[in-house]
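A short worksheet on the structure shown next.
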Amino acid sequence: VLPRDSDTLEVEMGRSRNDWIVKPSAKGEGHGIFVVSSFEELGKHPTDGFVVQPLLNDPCLIHGKKFDFRTYVLVTSILPLRAYIYKEGLVRFASSKYDRNATRGGKETQFLTNTSVGKKYTQLSNLTW
């Protein structure tokens, strides 16, 4: 998380040819997410708590679209640990097909699986299973 781990991140980004996805730690629904290619580009943005991770160059796709899984867990006790995993979950899809040749991850509709973003571009029923 930036800014605390800036030195480590700078070294890792210098070693990698990947683009990096940057997510603000205090926002939701896809707001404030952006993609950078170098550590220097982060300096153009406020560093008030970001999570930074490599943007996968060759992600697994379903019907040509990026996806993620949502599972739900209810924790009723910490000591002793007692957690219940719901049998059903959710699969979320990007609203447009992924382009492996796009720079900086392509359009947000290609790499964000957030339904708040995707529903602006397609029906909600196309975004989730």
Per the salt bridge (Lys or Arg N to Asp or Glu O under 4.0 Å) rule, what does the pair list look like for residues 52-64, sequence neighbours excluded? D58-R100
State, with a plain yes or no, whether a side-chain heavy atom of E41 is found less than 4.5 Å away from one of V22. no
Can you tell if the side chain of E12 reaches within under 4.5 Å of the side chain of V52, non-hydrogen atoms only? no
In the structure I gave you, are the side-chain heavy atoms of F39 and V11 within less than 4.5 Å of one another anywhere? no
Would a hydrophobic clustering, with Ile, Leu, Val, Met, Phe, Trp and Tyr connected at side-chain separations under 4.5 Å, put V75 with Y72? no
Step-by-step side chain to side chain contact (heavy atoms under 4.5 Å, CB included) determination, L9 to W20: CA-CA 11 Å; L9 180 63; W20 297 75; 4.1 Å; yes
For the residue pair P24 and I33, what are the closest heavy atoms and their distance? CD-N, 4.1 Å
Is the backbone N or O of D7 less than 3.5 Å from a side-chain atom of E10, with the two atoms forming a donor-acceptor pair by type? no
By side chain to side chain donor-acceptor pair (under 3.5 Å) - contacts of D68 (at least two apart): R92, T113
What pairs of donor and acceptor atoms, side-chain ones from residues 82-89 against any protein atom, are under 3.5 angstrom apart with sequence neighbours left out?
none

Contact between P59 and F67 at the side-chain level, heavy atoms closer than 4.5 Å - yes or no? no
To the nearest 0.5 Å, tell me how far Y98 OH sits from L56 CG. 7.5 Å
Joint hydrophobic cluster, V91 plus V73, side-chain heavy atoms closer than 4.5 Å: no
